[in-house]
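Data block below; observations after.
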Amino acid sequence: QLQPVESGGGLVQPGGSLRLSCAVPGFTYRYYTIGWFRQAPGKEREGVSCISSSGGSTNYADSVKGRFTISRDNAKNTVYLQMNGLKPEDTAVYYCAAGFTSCVLSDPHFEYWGQGTLVTVSE
C-alpha cells in the first residue's frame, strides 16, 4: 500500500512563501503521477497541480498559475510544491496523491492519498 506523506505546511503572511513536500516511499514511486489537491473549510476538494512520472508534464489550476511550481526529485522519492505570493484564499489542507494516470487535476484518477498538511495564510 502506497502512503504519501506531506510536510511543510504552516502559518504564513500574505505574500509569503512555503514549500510543501510529498514523500512517497517504495520502488514504484517513479511510475506514478503525483498530484496536489487542497480543501478549504466549507468547500470541496480541488486540484492544485500535478506532475507526470517523468516530470515532463505539469498542470496547474488557474488560481495558482504563475505563483506555484511543482517539481519532483526521483532520487529522493519526493515531490515539491513551491508556493509563492500566497493569498488568504490559499488557506486549506493540502493533500498529496499518487496515481497511474496522466496529469489531470481530478480526484478519481489518484488511488493513494496522504493525510494532508494545513496551510494558513493570514496576518
Side-chain angles (χ1 to χ4, degrees):
Q1 182 76 7
L2 211 68
Q3 181 62 62
V5 179
E6 306 94 337
S7 62
L11 174 64
V12 63
Q13 292 185 337
S17 298
L18 281 176
R19 188 178 78 161
L20 304 184
S21 298
C22 172
V24 186
F27 70 94
T28 58
Y29 154 84
R30 66 186 61 201
Y31 302 116
Y32 286 93
T33 289
I34 305 295
W36 283 100
F37 295 79
R38 68 185 181 186
Q39 188 166 21
K43 295 187 177 181
E44 292 187 356
R45 190 162 60 190
E46 63 175 352
V48 176
S49 183
C50 58
I51 186 166
S52 64
S53 57
S54 68
S57 177
T58 59
N59 197 4
Y60 296 92
D62 288 342
S63 58
V64 306
K65 280 181 182 176
R67 300 188 297 123
F68 291 10
T69 303
I70 193 169
S71 61
R72 68 190 295 159
D73 184 341
N74 284 352
K76 296 182 178 180
N77 282 31
T78 301
V79 170
Y80 303 100
L81 185 68
Q82 178 66 44
M83 306 187 296
N84 299 329
L86 283 162
K87 305 175 181 180
E89 51 263 44
D90 294 317
T91 295
V93 177
Y94 283 71
Y95 297 91
C96 173
F100 282 124
T101 178
S102 56
C103 190
V104 291
L105 298 177
S106 175
D107 291 27
H109 291 259
F110 292 85
E111 296 99 322
Y112 305 104
W113 291 80
Q115 296 298 308
T117 186
L118 177 63
V119 172
T120 303
V121 185
S122 174
E123 298 282 3

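It should be emphasised that the depicted structure is a prediction, and the values quoted were computed from it without experimental measurement.
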Heavy-atom closest pair, residues A61 and G47 | CB-O, 3.4 Å

Backbone N or O of V104 within a donor-acceptor pair of the S106 side chain at under 3.5 Å?
-> no

Give a yes or no on whether W113 and L2 share a hydrophobic cluster (residues Ile, Leu, Val, Met, Phe, Trp, Tyr; joining criterion: side-chain heavy atoms under 4.5 Å apart).
-> no

Is the count of non-hydrogen atoms from other residues, nucleotides or ligands lying under 6.0 Å from F100 atom CZ greater than 12?
-> yes

Indicate yes or no: at least one non-hydrogen side-chain atom of I34 is less than 4.5 angstrom from one of R72.
-> yes

Interatomic spacing from CG in L81 to SG in C50 - rounded to 0.5 Å | 11.0 Å

So CG of L118 and OG1 of T91: to nearest 0.5 Å the spacing works out to 8.0 Å

Nearest heavy-atom approach of G16 to V12 is CA-CG2, 3.8 Å

Is V48 reachable from Y60 through a run of hydrophobic residues whose side-chain heavy atoms are each under 4.5 Å from the next?
-> yes

Can you spot which of T117, T120, N84, V119 makes a side chain to side chain contact (heavy atoms under 4.5 Å, CB included) with L18?
-> V119

In Å and rounded to the nearest 0.5 Å, what is the CG to CD distance from L20 to Q82?
-> 9.0 Å

Heavy-atom side-chain contact between V79 and Y29 under 4.5 Å | yes

With F110 as partner, the option from Y32, W36, F37 fulfilling ring pair (Phe, Tyr, Trp, His ring centres under 6.0 Å) is F37

Assess whether salt bridge (Lys or Arg N to Asp or Glu O under 4.0 Å) is satisfied between D62 and K65, documenting all intermediate values.
-> CA-CA 5 Å; D62 288 342; K65 280 181 182 176; 3.2 Å; yes

Drop me the distance from S63's OG to D90's CG, to the nearest 0.5 angstrom.
-> 7.0 Å

Considering non-hydrogen atoms only, spot the tightest contact between P4 and C22 and give its length.
-> CB-SG, 3.8 Å

Roughly how far, to the nearest 0.5 Å, is CE of M83 from CZ of R19?
-> 11.5 Å

Would I51 and Y112 show up in the same hydrophobic cluster when neighbours are defined by side-chain heavy atoms closer than 4.5 Å?
-> yes

Is it the case that more than 12 heavy atoms not belonging to Q3 sit under 6.0 Å from its CD atom?
-> yes

Sub-3.5 Å donor-acceptor pair from the side chain of S49 to the main-chain atoms of N59, do we have one?
-> yes

Take atom CD of E44 as the centre, draw a 6.0 Å sphere, and report whether it contains more than 12 heavy atoms from other residues, nucleotides or ligands.
-> no

In Å, rounded to the nearest 0.5 Å, how long is the span from CD of E6 to OH of Y94?
-> 12.5 Å

Counting only N and O atoms by type, is there a donor-acceptor contact under 3.5 Å from the side chain of R30 to the main-chain atoms of N74?
-> no

